[in-house]
Amino acid sequence: FPPSERPYFEALGLRSVAVVPVFVGEAWWGFLGFAHDASDREWARATISALRAAAATLGAAIYRNRVEEALREDVRQRQLVEAELRSREAQLAEAQSIAHVGSFVWDIATNELRGSDELYRIYGFEPNSSLSPGVILQRVHPEDFDLVRETIDTAVAQGRSFKVKHRIVRPPAEIRVFSVEGRVVLDEAGAPAQIIGAGQDITEQHEAEITARKLIEEQTRRSAAEAEQRRAAFLADASRVLGASFDYHTTLAKLAQLAVPAVADFCTVDILDRNGAIQRLGIAHADPEKEELLHHIMKWVRAGSPLVPHLHRALVEGEPTLISEIDQRLIAKHALDAEHEAVILALAPTSVACVPLKLGEKIIGALVWYTTDDTRRYDERDLELAEELARRAALAVENARLYHESEQATRSRDQMLGVVAHDLRNPLNTMLMAAELLAGSSPPDSQTYRHAAIVQRAGERMNRLVQDLLDVKRMESG
């Protein structure tokens, strides 16, 4: 041993060693050696050569073992990957079956089409049968054939994605609805190489949508019919109110009350008097405490301030107004002053339907409905209803005015008849008395007697005519 290493080996009881390294491939693994503890020894070259051969054999064995272990691990990993792949393929197939989704790849160059099991099932093909785009297109419904063909041709020509919903006919004559999406894959030169896509059998969903649409349409028709019935009932009630009295002041007040809450949250009815001044005859509010505000806001009208736009259009221009949404910005825009704005905000209108009361081209007033609920907005049908009600109300007002004018004319006539009858009876009674006296003082066969009798009969006839006129007057007066 070299002097520097002797203490180390002596402590181990060794007098001589022969050691060679062991390599596994290019990597050092360890060493292999012989030791002698009896005496110093010179190791023969043959011994060293044998030791080196043994180390090489050991390294090769270890290397081979490692390679075999690596191969076994690689095989095991491959098996795991293949098992995982088969599991995922099975899961994908199951998922496609559940979702009725089939996938496909179309190789444009070879015109070969490969599809999943579910794609075969959707189209009604036997599994693993040979497919091509032409075979697939044969199952497309004749009425949808051009649509599908043009969609795919356009996608290929433009190199873009596509989506199309169409019907297919699978044996014997079952019609299914198929929705397919795909994209064109380009090669390195930018030419279309493949189409990759997937489609879903949406027949049940399509039928459910049709059923739902029919139900919605039926519900819409039913709701419209019910709304029309409510409108008709409202107009019928309004007609009864309008026809109940010739006192249109009371009638219009009741009309406003009828509108709330049936068609409005608050309502006003204004009439133009013979001088053109605005009179508020009807008010109603769902919150009775706010009805005073509807009277209070008229102070700006009485003061000659400009009318708010919807009242101006109705009372001046004779045009209806529909405002489906009223917000604070609109209120601030048309408010006359801070107090006026505060009153409007307290009433809190959210939409308005305002219509004029007209007789021909003559404007006699305005009917205004307001809502205060954010979920309730007036539309054109509400405006039409308001216009129809306004038409009936205007006729009722005019009929009431005509009735009162007729009553006044009748009273004037009766007064005249009374005066005329009184003025006629005084001289008539005198004439009758004179004829009676003349007849009583003349012989019955005299000509004077005969003339007096003629005058007396004519007077009595005239007296009966006057009495008939007075009887007609009493009968018309009830």
| Is the CD atom of Glu436 crowded by more than 12 outside heavy atoms at less than 6.0 Å? | no

| field | Over 12 non-hydrogen atoms of neighbours within 6.0 angstrom of CD in Glu174 | value | yes

| note | Only residue of Thr251, Ile283, Leu367, Val368 satisfying side chain to side chain contact (heavy atoms under 4.5 Å, CB included) with Val269 is Leu367

| Of Ile195, Leu131, Val135, the residue whose pairing with Leu113 passes side chain to side chain contact (heavy atoms under 4.5 Å, CB included) | Leu131

Does a donor on one side chain and an acceptor on the other come within less than 3.5 Å for [X] and [Y]?
X      : Y      : result
Asp265 : Trp369 : no
Thr371 : Arg376 : no
Asp373 : Thr375 : yes

Check: [Y] and [X] side chains under 4.5 Å, non-hydrogen atoms:
X      : Y      : result
Ile136 : Tyr123 : yes
Val177 : Gln205 : no
Phe178 : His166 : yes
Pro171 : Arg139 : yes

| request: Among Glu204, His141, His206, find the one that has a side chain to side chain donor-acceptor pair (under 3.5 Å) with Arg176. | output: Glu204

Of the non-hydrogen atoms in [X] and [Y], which two are nearest, and what is the gap between them?
X      : Y      : result
Gly199 : Ile122 : O-CD1, 4.4 Å
Ala335 : His340 : CA-ND1, 3.6 Å
Arg392 : Ser239 : NH1-OG, 2.7 Å

Taking only distance into account, with no hydrogens and no angle test, what donor-acceptor pairs under 3.5 Å do side-chain atoms of residues 322-329 form with protein atoms, sequence neighbours excluded?
| residue | atom | partner | partner atom | Å |
| --- | --- | --- | --- | --- |
| Ser324 | OG | Tyr378 | O | 3.1 |
| Asp327 | OD1 | Arg329 | N | 3.3 |
| Asp327 | OD1 | Leu330 | N | 2.9 |

| request: Not counting sequence neighbours, which residues clear side chain to side chain donor-acceptor pair (under 3.5 Å) with Glu82? List them please. | output: none

With a cut-off of 3.5 Å and sequence neighbours excluded, list every side-chain donor-acceptor pair involving residues 293-302.
| residue | atom | partner | partner atom | Å |
| --- | --- | --- | --- | --- |
| His296 | NE2 | Glu339 | OE2 | 3.1 |
| Lys299 | NZ | Glu339 | OE1 | 3.2 |
| Lys299 | NZ | Glu339 | OE2 | 3.2 |
| Trp300 | NE1 | Asp337 | OD2 | 3.0 |

